[in-house]
Amino acid sequence: MRAALQALTDELKRLKASGVRDVVVSDESLRALRTVVESRARTAAAEKEASGPVASVAEAPEPAKPVAEPAAPARSTPPSAKPRAAVPAREIVEFPPSPIVTLPSGDKQTRWDALLRMVTQDEVCRAHVRPGKKVVLGVGNLDAKVFFCGEAPGADEEEQGEPFVGPAGQLLTKMIQAMGVARQDVYIGNIMNWRPELPLSASGVQVGNRPPTPEEMAYCLPYLKAQLEIVNPDVIVALGSTAAQGLLGVGSFKTLGEIRSQWKLFAGKPVMVTYHPSYILRNPTNRSKRAIWEDFLKVMERVTLPISEKQRAYFLDK
Ligand code: URA
């Protein structure tokens with residue numbers, strides 16, 4: 001129980017440091033916490049009686065303010081009703097204001113190095129990254145014509161501090177090579193600079209990923225814009241629905257199908273919206289591969305990359 005309370009305290013401290021002021025706690029969790037606090041208070045009172053005055057528990061952190069779930073407030077929940085599960089932290093709406101990024105003058109490398117320092121020292125980014133994990137900025141050729149933009153780092157990316165190095169990244173690298181260029185010739189970034197958090201499993205690791213919230217994306221957007229300003233690519237490729245929402249606006253479309261394979265505009269740059277490579281990993285059919293490849297062909301045409309007949313025919317065979 002002590003370890004669980006310590007883990008909870010650490011998580012609340014981390015959330016508080018990142019600007020979170022409210023968390024949603026289920027009735028069930030509130031009851032469990034109350035039991036623990038009451039039993040600790042009873043133990044402390046008994047010890048005090050036995051051994052005289054003791055120091056107060058001053059180091060206990062001021063926790064983020066618990067808020068009853070809107071749909072099942074504690075007051076109106078009938079005693080027999082089954083309490084809802086705690087809503088994960090992603091429903092928190094408050095977030096610190098986005099950073100104002102001012103790049104220094106100098107060549108591209110100097111400006112990018114300065115940006116890397118800003119991002120890795122950003123207190124909000126750091127507060128969202130668990131110990132031993134990394135804040136992630138884009139990588140690649142600062143003169144790239146094509147800027148790939150994904151969603152957010154995953155487990156491999158926060159470990160290595162580089163975007164798209166896990167399974168989806170390895171597929172993206174192959175697709176870039178199919179365009180006739182190397183991964184080092186393009187620039188690869190993300191909407192987000194940290195891995196959106198989920199509660200840790202019993203073994204203390206984050207299992208799985210969640211899409212970033214609009215507030216998280218808004219916070220990181222100035223860093224993406226700064227990378228675009230430095231690289232100044234000819235085109236941006238938005239990989240998947242979340243990246244497209246981050247660039248084009250949350251709620252600006254309902255389904256990826258509405259805008260996929262079309263040219264849009266972000267920060268004055270043409271954006272090709274396509275599938276995320278992880279979609280192809282989940283649906284490894286020639287049909288889905290051909291769909292994303294057709295978007296890549298449009299990008300190649302736009303940046304005047306040579307296209308062979310063989311490349312034009314990739315994934316056409318059923
Ligand atoms: N998926 C993304 O969107 N970005 C990464 O960096 C890795 C996986």
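Indexing begins at 1, ligand by ligand and atom by atom, following the structure's order.
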Under 3.5 Å between any N/O of Ala152 and any N/O of ligand 1: does that happen in this structure?
yes
Shortest protein contact, atom 4 (N) of ligand 1 (heavy atom only):
Asn190 OD1, 2.9 Å
Pair Ile191, Glu151 - check side chain to side chain contact (heavy atoms under 4.5 Å, CB included), show working.
CA-CA 5 Å; Ile191 293 284; Glu151 177 177 320; 5.9 Å; no
Could you grab the distance from atom OH of Tyr275 to atom CG of Asp295, nearest 0.5 Å is fine?
8.0 Å
Nearest-0.5 Å distance, CZ of residue Arg183 to CD1 of residue Ile188:
4.0 Å
I'd like to know whether ligand 1 has His276 as a neighbour, heavy-atom separation below 4.0 Å.
yes
Nearest-0.5 Å distance that lies between atom CG in Leu115 and atom OG1 in Thr102:
11.0 Å
Any idea which atoms of ligand 1 are less than 4.0 Å away from a heavy-atom of Gly150?
3 (O)
Number the atoms of ligand 1 from 1 as they appear, then name those within less than 4.0 Å of a heavy atom of Glu151, with their elements.
2 (C), 3 (O)
Can you tell me how far apart CG (Leu142) and CZ (Arg111) are? Round to the nearest 0.5 Å.
10.5 Å
Between CZ of Phe315 and OG of Ser288, what distance do you get to the nearest 0.5 Å?
9.0 Å
Are any of the N/O atoms in Phe164 less than 3.5 Å from those in ligand 1?
yes
Residue-level breakdown please: for Glu157 versus ligand 1, do any non-hydrogen atoms fall below 4.0 Å on the side chain, on the backbone, on both, or on neither?
side chain
I'd like to check which ligand 1 atoms, numbered from 1 as shown, lie under 4.0 Å from a non-hydrogen atom of Pro163.
6 (O)
